[in-house]
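Below is one structure; the comments refer to it alone.
Just so we're clear, the structure is a prediction, and the values are computed from it rather than from any experiment. Convention: sequence-line order gives letters A, B, ...; per-chain numbering from 1.
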Protein chains: 2
Amino acid sequence: MTNRASLQDIADQLGITKMTVSRYFRSPEKVAPATREKIAQAVKHSGYIHNRAPALMSRALSRTIGVVIPSLSNQVFSALVDGIETITNAESFDILLAHSGYDPKVEERKIEMLLSYQVDGMILCETEHTDRTRTMLKQAGIPVVECMELPEAPIDMVVGLDHKAAAFNAVTRMIASNKQHIVYLAARLDRRTMLRQQGYEQAMWEAGLTPQTVATPFQSSFSQGMKLLQQALDTFDRVDGIFCTNDDLAVGAMQFCKNEGIRVPDDLAVMGYNGLDIGLTMQPKLTSVVTPRQAIGIKSARLLIDVINGKAPSDKLFDLGFSYTAGESLS
Amino acid sequence: MTNRASLQDIADQLGITKMTVSRYFRSPEKVAPATREKIAQAVKHSGYIHNRAPALMSRALSRTIGVVIPSLSNQVFSALVDGIETITNAESFDILLAHSGYDPKVEERKIEMLLSYQVDGMILCETEHTDRTRTMLKQAGIPVVECMELPEAPIDMVVGLDHKAAAFNAVTRMIASNKQHIVYLAARLDRRTMLRQQGYEQAMWEAGLTPQTVATPFQSSFSQGMKLLQQALDTFDRVDGIFCTNDDLAVGAMQFCKNEGIRVPDDLAVMGYNGLDIGLTMQPKLTSVVTPRQAIGIKSARLLIDVINGKAPSDKLFDLGFSYTAGESLS
DNA sequence: AACACCTATGTTACACGTAACATTTTGTTG
DNA sequence: CAACAAAATGTTACGTGTAACATAGGTGTT
């Protein structure tokens, strides 16, 4: 590491103390205009870059929050981070980002890294954590928001939606449009997928219907959607609707229908989940459960920063609900 | 900020000095087995989390590299980061991730933040930077890799591919399969899009054909692909091929073909760019230029860490080339 | 002229893990 | 058991921005 310019370097150069230079950055109005001008010159010339290390050493706030998302190629989480940054930018907080690949062990490692940087708070997108993760977060004594779903054993605060209820509502809606042989298409059998399955099954049972599921442990993709629908049609006598655990599967399935001449929604109703842009480019447009991810990001960051700033939260759990895209794949 | 346990706390608790505890973490073999056991207990009990701040203050390496990607919902960059982490994990480096939303001003802010954390090196995915970005990086005196493309004015090292050459090759290939009225579909008019356009145009001119482009300033998406193809068909007399600046547009366009009964590749040849999974789920499979993004990530991280460790790089520029998916959308 | 008060700048101390060197303890061998 | 080596632990100093307090110089008021 080469010697970057320090405040001391700039101060020496001007025959003043680093304290005045520090003030120039923190509260310029406390520095005499003439001095301010001199410092501005020297700073520009030296290309000084703020060094966070000393601030991290003191017990002051780092004004940084850690964010762990499961994936770097999922619009759900990019929208979430967008929402978070709306707030952090306005509050001049920084975010330190890490991704876990849906693996609690990796999440643990990343959280440990973020904590080593003395973040003031943490936003997590998963609710399944290792024991050590929970211990570390407790010990760190910083506020934590788990977002996207409503965990049974929250670490601290929660901003999300009830995926079981959303699935129940969606499937009930399918049944109301006169579909009876509805199959659940699932991939990557994580908690959220399971919750949706529960909602699906409850809706089916309550309507006197029998739930039928096809699933793959692999990551969701369009091709998995095609394969799963094929498998559903091969396995079950009659299928007149599919409830897909996300839009990737749904779009793949609709693709499959197009290839095979299956009419949507007349032969087969399709319900997606997440409400991504891509669903609306299909013909017919995909009907999908919209998860309010940007709003979740905004609320999570707002809440976290308020708590960091010492405000007591009005509540520890916020359910932001869900809605539907204006699709045509249902009836 | 609550008082997290420090090394001193653990040491006090055991009646030893923090130096021994520090050694327990850095080089446990230098600590007597009995002491090691005692420390292990105390550490576990207190939930100690390493504090990076003092290390950042010393001039030692932080063993962290900064990575700035343009987008959090693009498989291209998630594969790149995967590649990077293959190496950083093996070398026990950490990465600090930030995203710029394709905006050089935002990139500047994020780079400044990463530098304030004393990263040992930086990987950037864009080649367009503000003046201040260049100044800061120079002043920081750390190695920098720009990846994905081959910039005209590199900051330091480069790992990427020649997008103009790739586009030239791809379009030449289309022409070789007897297509003559090939339109270029472009979105988000960034540098890489422009480079591909240049390659496309050169291939057309050299074949005695006239380049024709439809473009949108908006972000690429399936729906933009549909719209752009519609626009191309409306605008130009004859169209028998499209070269799409990425797979999102290509897949949208192929969707459009399916809706409109246009046969691919007989009526219209389609060439994509990036070689994402989704293209291979189409029917026919999308032919696409494959950019070796994981390899770029691996090479970038390898190179950067070698330089950080004091090795002189064998070269400053690495062109990793391109290939094609085994598609059927061409002929 | 004396005093209060303000502005601008300076002084001091602090946070904490670790490299480098110093010292103590344990182990080994003739 | 003396003598030395090796292992284990301790001591010291360091890096750098900033909060809190101190001081110097100036302005204004009575």
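- Using a 4.0 Å cutoff on non-hydrogen atoms, the parts of residues 49-57 of chain A near DNA chain C are A/Met57, ordered by number.
- Residue A/Tyr117 contributes atom OH, which lies 14 Å from atom C1' of C/dG17 at whole-angstrom precision.
- Identified under the salt bridge (Lys or Arg N to Asp or Glu O under 4.0 Å) test for residues 39-51 of chain B, with sequence neighbours left out: none.
- From one end of the helix from C/dA1-D/dT30 to C/dG30-D/dC1 to the other, with five pairs defining each end axis, the axis direction shifts by 40° (rounded to 10°).
- With rounding to whole Å, B/Ile16 atom CD1 is found 16 Å from C/dT24 atom C1'.
- Sorted pairs that involve residues 54-96 of chain A and meet ring-ring contact (aromatic ring centres under 6.0 Å, His included), not counting sequence neighbours, are lacking altogether.
- Using modelled atom types and a 3.5 Å distance limit, the side chains of A/Asp94 and A/Thr64 yield no donor-acceptor pair.
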Return all side-chain donor-acceptor pairs below 3.5 angstrom for residues 6-16 of chain B, not counting sequence neighbours, or 'none' if the list is empty.
| from | atom 1 | to | atom 2 | distance (Å) |
| --- | --- | --- | --- | --- |
| B/Ser6 | OG | B/Gln8 | N | 3.3 |
| B/Ser6 | OG | B/Asp9 | N | 3.2 |
| B/Ser6 | OG | B/Asp9 | OD2 | 3.4 |
| B/Gln8 | NE2 | B/Asp12 | OD1 | 2.9 |
| B/Asp9 | OD2 | B/Ser6 | N | 2.9 |

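- Put simply, chain B comes within 4.0 Å of DNA chain D, heavy atom to any atom, from D/dA8 to D/dT16, going 5' to 3'.
- Side chain of B/Asn51 to main chain of B/Ala53: a donor-acceptor pair is present (N/O by atom type, distance under 3.5 Å, no hydrogens or angles).
- In terms of the side-chain contact (heavy atoms from CB on, under 4.5 Å) criterion, residue partners of A/Arg109 (sequence neighbours excluded) are, by chain and number, A/Val106, B/Asn89.
- A donor and an acceptor atom, one from each side chain of A/Gln118 and B/Arg4, are located under 3.5 Å apart.
- Listed by first and then second residue, the salt bridge (Lys or Arg N to Asp or Glu O under 4.0 Å) pairs involving residues 127-136 of chain B are B/Glu108-B/Arg132, B/Glu112-B/Arg132 (not counting sequence neighbours).
- If you take OH of B/Tyr48 and C1' of C/dT18, they are 11 Å apart, rounded to a whole angstrom.
- Annotation: salt bridge (Lys or Arg N to Asp or Glu O under 4.0 Å) contacts involving residues 137-160 of chain A, sequence neighbours excluded, comprise A/Glu149-A/Arg191, A/Glu149-A/Arg192, A/Glu152-A/Arg191, A/Asp156-A/Lys316.
- Atom CD of B/Gln8 is separated from atom P of C/dC14 by 14 Å (rounded to the nearest Å).
- Identified under the salt bridge (Lys or Arg N to Asp or Glu O under 4.0 Å) test for residues 68-84 of chain A, with sequence neighbours left out: none.
- A heavy-atom distance below 4.0 Å to DNA chain C is reached by these residues of residues 18-45 of chain A, ordered by number: A/Met19, A/Thr20, A/Arg23, A/Val31, A/Ala32, A/Thr35.
- Side-chain contact of B/His99 with A/Glu85: a donor-acceptor pair under 3.5 Å is present, judged by distance alone.
- Under the 3.5 Å distance criterion, with hydrogens and angles disregarded, no donor-acceptor pair is assigned to the side chains of B/Ser100 and B/Asp103.
- Under the ring-ring contact (aromatic ring centres under 6.0 Å, His included) criterion, the residue pairs touching residues 27-57 of chain A are A/Phe25-A/Tyr48, with sequence neighbours excluded.
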